[in-house]
Number of protein chains: 2
Amino acid sequence: MSSKKRTTIYDIAEKLNIAPSSVSRALSNSPLVKEATKKLILKTAEELNYKINTIASNLRKGQSNTIGVIVPRINQNFFADVIAGIEEASYRQGYNLIICQSNESYEREVQCVNTLINQQVDCIVVSLSVETTDYKHLESVLDRNIELIQFDRVAENIETLKVLNDNHQASMEAVSHLIEQGYKRIALLEGPQNLNIFRKRKEGYLDALKNHGLPVIEELMLANAWTTELGAEATRKLLSLPQPPDAIFASTSDFAALGVLQVATEMNFKVPQQLGICGYSNENFTEITNPSVTTIDQHSVYMGKTIANLFLDELKNTDTSVAPKTVSIKPKLIIRNSTLKNGK
Amino acid sequence: MSSKKRTTIYDIAEKLNIAPSSVSRALSNSPLVKEATKKLILKTAEELNYKINTIASNLRKGQSNTIGVIVPRINQNFFADVIAGIEEASYRQGYNLIICQSNESYEREVQCVNTLINQQVDCIVVSLSVETTDYKHLESVLDRNIELIQFDRVAENIETLKVLNDNHQASMEAVSHLIEQGYKRIALLEGPQNLNIFRKRKEGYLDALKNHGLPVIEELMLANAWTTELGAEATRKLLSLPQPPDAIFASTSDFAALGVLQVATEMNFKVPQQLGICGYSNENFTEITNPSVTTIDQHSVYMGKTIANLFLDELKNTDTSVAPKTVSIKPKLIIRNSTLKNGK
DNA sequence: TAAAATTTGACAATCGATTGCATTTTTTAG
DNA sequence: CTAAAAAATGCAATCGATTGTCAAATTTTA
């Protein structure tokens, strides 16, 4: 049978004929309690199956030992990896995670922020939804002295800790690789330009072309191609042009790259000979497709760990007010068969 | 600049020269407060940028409006999907999720349970780690009157709400399909048998053979092949047998199936003509491999929603003590090219 | 042996919201 | 206009752990 009430420190105190304060101190191993008493209290706590009421403790201490995380979707490899990384690193330090998904909706993202504020989380970690263009909700977090860490999809002019991939650099490397392989008409599948990551990737693309003296061809840059279906659709358009591209950089995601590959196969373009394909994210399937797809690894689990450690480190230098630091993680170009026109 | 202290109901009360209790009532829209006063309070709350302190509220109310989830790994498609489903369904009802990962470690799983108990979660949702063979920690949850829901990997003799896939049925269907396609020597890659799901899948395999009058061949059943690498290794063994199998059912996961496919290609076994391959889980890459891989879809997001709704429904019929119900979700066999020896 | 120093433990306030009960105010009916 | 009923508001205890302050007990020192 289950007992009606949980054991509290008062129950222990009563049983031992001692003050609750002593019980509390003993349980938190304070030096103010005699060893013998401590032992006795610990033993009794065990016997009564005592478990601390974290809520009461948090209320009194004014903090929650909790980190709130807001991502567009939990079940997307990149985000799931980052969350796993955050969890891994923060768990050891006694922090818990509350997870919310914005579902790419601005309204929902604001709601998530409010919930987390109400929950008194000590830190909010967020990657913005595609809809988000207004950042009042983020400012309200800062106003409350809650640590705010943005990652991947960030609002650049909101000053907070940020953990980013160097999207510009990665994108440049990818396109340079394509150029070096001999591709000359390289198309770009873009993501929504209100997200910084997609802007950066486009800039990287443009800079790579420029650096190699290649012209920018407007008709080869297609907006909003960030799912398998949209990627496929865009590819159909591109490959039907009088002068089709000889390579496609799906800067939005590997899912888009997958759409490209499917259409290319369907339309009998040989990959990588007639068409080079490069994706973004190193989803696990890119290794397996036929041919395997060149892509960019974001070190996502590591990114999560970095985020958690950034916060945990902040905790230590208490008084010094935090300079809004940005940590940039260099993604890694993973070269596979889909872009190896020249062989290795 | 950020204000030192958060606004509380006392601040609002003081400003309006009114009792805090009235403020509390107004904010929760109690009919005991006059409309005019309510309006005024709401307006002032807004002005002072008041946000409720959920911790204080929870302490007083003795519940947390929080669901705790423990999974072996967050960043595994199946679990990420289930979590997404739980989040989706519970979010609307004002519930938050605390996520923990056991990393397939028993010790860590026990820790997670304790943390969640301390956090006063209203419900714990768990899928067991591979190491777990002792269930005291689950019993201690029940002792505390915290709702416990097991899913997928469950302890069968612990009486709780359970949400399962019908692994036996799915496995039988898969193997029957192989048999009907004309495969005769069907190998089985097994998972650790202390997990119910893997036991069920093996039983399904055995029953399918039996039903079709096929013999059970010991050397075709390999234990512990549940990663890509282990699957590959097992396949190497199988295909080197004097009489190799003509099909392999990777009952553990699609990752194992992937290992099978790689080795089969490497060893020049034609799939599906010489070797049929069936996986488990419908990971997104199974659609893309060459050939695409037959597998079993677990309706994972739906499973998450089912879990959440089960809990939320329990809340409604308050007094009736809960019969330990089991919800079984029928997985779906997804037939793809890797098993189509006969064509369609 | 007395005074000083140290250790131990008790008391009570506190965190912020909630809620049963008491009190005040307003409304209604006679 | 008064008494009773209804509505609105206020008071104070409560949830359980923490912690500053102080008294009591113990040990050390002179």
Side-chain angles (χ1 to χ4, degrees), chain A residues 3-42 44-45 48-66 94 117-122 144-145, chain B residues 3-42 44-45 48-66 94 117-122 144-145:
Chain A
S3 46
K4 305 248 154 53
K5 297 213 349 105
R6 305 170 52 111
T7 308
T8 70
I9 52 170
Y10 297 97
D11 301 326
I12 299 177
E14 195 173 18
K15 173 145 187 200
L16 295 179
N17 220 347
I18 222 178
S21 49
S22 297
V23 177
S24 171
R25 290 201 174 91
L27 291 171
S28 59
N29 201 23
S30 152
L32 294 180
V33 182
K34 203 185 355 181
E35 274 309 319
T37 324
K38 231 184 247 182
K39 282 242 175 63
L40 184 62
I41 291 175
L42 252 40
T44 314
L48 297 181
N49 198 10
Y50 170 80
K51 291 257 161 66
I52 189 175
N53 184 329
T54 312
I55 294 191
S57 170
N58 287 344
L59 174 60
R60 174 60 223 244
K61 294 201 284 195
Q63 51 147 40
S64 66
N65 266 254
T66 297
I117 291 177
N118 295 350
Q119 287 281 347
Q120 321 282 113
V121 297
D122 301 332
R144 281 161 196 282
N145 274 338
Chain B
S3 46
K4 306 245 154 50
K5 298 210 351 99
R6 303 170 53 113
T7 308
T8 70
I9 53 170
Y10 298 96
D11 300 326
I12 299 176
E14 195 173 17
K15 174 144 185 202
L16 295 179
N17 221 344
I18 223 178
S21 49
S22 295
V23 176
S24 171
R25 290 197 180 96
L27 292 171
S28 59
N29 200 21
S30 153
L32 292 180
V33 182
K34 210 192 336 185
E35 273 311 319
T37 325
K38 230 184 247 181
K39 283 242 175 62
L40 185 61
I41 292 175
L42 253 41
T44 313
L48 298 181
N49 198 11
Y50 169 81
K51 291 259 162 65
I52 190 174
N53 183 328
T54 311
I55 295 190
S57 169
N58 287 345
L59 174 60
R60 174 60 223 245
K61 294 201 284 194
Q63 52 147 41
S64 67
N65 266 253
T66 297
I117 291 177
N118 294 350
Q119 286 282 346
Q120 322 280 115
V121 297
D122 301 332
R144 281 162 196 283
N145 274 338

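In what follows, chains are A, B, ... by sequence order, proteins preceding strands, each numbered from 1.
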Given dC15(D), is OP1 or OP2 found less than 4.0 Å from the side-chain N or O atoms of T8(A)? no
Between V33(A) and L27(B), which has a closest nucleotide on DNA chain C that is more 5'? V33(A)
When all nucleic acid strands are considered with a 4.0 Å heavy-atom cut-off, which category describes T54(B): base, sugar-phosphate, or nothing? nothing
Quick one: on DNA chain C, does Y10(B) or P31(A) contact a more 5' nucleotide (nearest heavy atom)? P31(A)
Measure from CG on L59(B) to C1' on dT19(C) and round the result to the nearest Å. 14 Å
Going by modelled atom types, is there a donor-acceptor pair between the base of dG20(C) and the side chain of R60(B) at under 3.5 Å? no
With sugar-phosphate meaning primed atoms plus P, OP1 and OP2, does I55(A) contact a base, only sugar-phosphate, or nothing at under 4.0 Å between heavy atoms? nothing
Tell me whether the side-chain N/O atoms of S57(B) come closer than 4.0 Å to OP1 or OP2 in dG16(C). no
Measure CD1/I9(B) against P/dC15(C) and give the value in whole Å, please. 13 Å
S24(A) vs dT18(D): side-chain N/O to OP1/OP2 distance below 4.0 Å: yes
So S28(B), base contact, sugar-phosphate only, or nothing? Heavy-atom distance under 4.0 Å. nothing
May I ask you to say what S21(B) touches in the nucleic acid, namely base, sugar-phosphate or nothing, with a heavy-atom cut-off under 4.0 Å? base
